[in-house]
Amino acid sequence: MGARHEQGTTTNMPTFNQQVHALVREVPTGRVITYGVIAGLLGDPRKAREVGWALHRCPPDVPAHRVVNHRGELSGRRAFGHPWHQQRRLEEEGIEFTAEGVCDLDRYLWRPEAARPATDV
DNA sequence: TCCGTGACACAAG
DNA sequence: CCTTGTGCCACGG
């Protein structure tokens, strides 16, 4: 049988792209996540770049605006047409940004419950 | 099939 | 703290 079933119709194995969407989709309002964390949870922190691509191909169901880099800063590109619009969107959710457009990951970085330690902020 | 690009991360100085 | 260089993987032409 075909050993190499990719994102075919018979295989239930979701592609990296879908895994990213599912994870970002679990991010609650007022919380952010980094590319490295997403890639790491998927099994390879080096695939952080692929996460970016996955978000570029993400459906409207995925709040990609909650995905920031490991520095707590947004991509700052025309990912959404107008970066300011995106930044403001997070502020609307309760996230505070500095003049440099950076947010405190120590406060807003969200992690899945399954991988979250007992210590809570 | 090969090359270039990219919504990134990490190490070293 | 910042800057520079390198690595990894996938997609598009």
Side-chain angles (χ1 to χ4, degrees):
Chain A
M1 321 259 280
R4 39 201 263 225
H5 290 277
E6 286 190 33
Q7 62 251 33
T9 48
T10 40
T11 47
N12 285 337
M13 181 175 177
T15 173
F16 191 85
N17 184 305
Q18 286 206 309
Q19 292 181 55
V20 175
H21 298 162
L23 203 61
V24 178
R25 207 178 289 158
E26 296 297 305
V27 180
T29 308
R31 235 45 155 195
V32 294
I33 188 166
T34 72
Y35 297 94
V37 173
I38 295 170
L41 290 170
L42 295 181
D44 282 311
R46 288 159 266 218
K47 286 178 103 186
R49 244 176 187 173
E50 277 28 65
V51 177
W53 262 90
L55 291 173
H56 190 84
R57 303 254 166 201
C58 81
D61 299 30
V62 182
H65 60 269
R66 287 180 195 147
V67 186
V68 300
N69 63 14
H70 92 110
R71 283 172 67 177
E73 186 177 85
L74 298 177
S75 308
R77 286 282 164 182
R78 8 173 145 149
F80 290 82
H82 294 292
W84 324 296
H85 193 275
Q86 152 107 82
Q87 198 118 1
R88 211 177 101 179
R89 183 69 177 270
L90 290 166
E91 292 184 328
E92 296 272 315
E93 302 202 345
I95 300 178
E96 192 171 351
F97 281 85
T98 120
E100 299 92 46
V102 184
C103 70
D104 269 330
L105 291 179
D106 295 307
R107 277 187 61 162
Y108 301 114
L109 178 58
W110 174 83
R111 273 183 134 212
E113 311 264 335
R116 196 163 93 161
T119 45
D120 187 42
V121 190

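On a predicted model such as this, the values are computed, not experimentally measured, just so you know. Every heavy atom of this structure was used, including side-chain atoms; hydrogens, water molecules and symmetry mates were not. All chains are named by letter (A, B, ...) in the order of the sequence lines, taking the proteins before the strands, and each is independently numbered beginning at 1.
- The nearest whole Å value for the distance from the NE2 atom in A:H56 to the P atom in B:dT5 is 16 Å.
- More than 12 heavy atoms of other shown residues, nucleotides or ligands fall within 6.0 angstrom of atom CZ in A:R25.
- Transitive grouping of hydrophobic side chains (ILVMFWY, heavy atoms separated by less than 4.5 Å) keeps A:L41 and A:W53 in distinct clusters.
- Residue A:R66 has no polar side-chain atom (N or O) positioned under 4.0 Å from OP1 or OP2 of B:dA7.
- As a whole-Å value, the separation of A:W53 CH2 from B:dG6 C1' is 7 Å.
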Can you tabulate the close N/O pairs, meaning under 3.5 Å, that link protein atoms to atoms of nucleotides 9-11 of chain B?
| unit_1 | atom_1 | unit_2 | atom_2 | d |
| --- | --- | --- | --- | --- |
| B:dA9 | OP1 | A:H70 | N | 2.8 |
| B:dA9 | OP2 | A:H70 | N | 3.4 |
| B:dC10 | OP2 | A:H70 | ND1 | 3.4 |

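- For the P atoms, the distance linking C:dT6 with B:dG4 amounts to 16 Å, nearest Å.
- Side-chain atoms of A:H65 do not come within 3.5 Å of backbone N or O of A:L90 as any donor-acceptor pair.
- For A:N69 (side chain) and A:R71 (main-chain N/O), a donor-acceptor pair under 3.5 Å exists by modelled atom type.
- Not one N or O on the side chain of A:E50 forms a donor-acceptor pair closer than 3.5 Å with the backbone of A:F16.
- Comment: A:E96 does not engage A:R107 in a salt bridge, judged by the lack of any side-chain N to carboxylate O separation of less than 4.0 angstrom.
- In this structure, CG of A:L42 is placed 14 Å from C1' of C:dA10, rounded to the nearest angstrom.
- Where A:D44 and A:R57 each meet DNA chain C at their nearest nucleotide, the meeting point lying more 5' is that of A:D44.
- The interatomic distance linking A:L55 (CG) with C:dA10 (C1') rounds to 14 Å, in whole Å.
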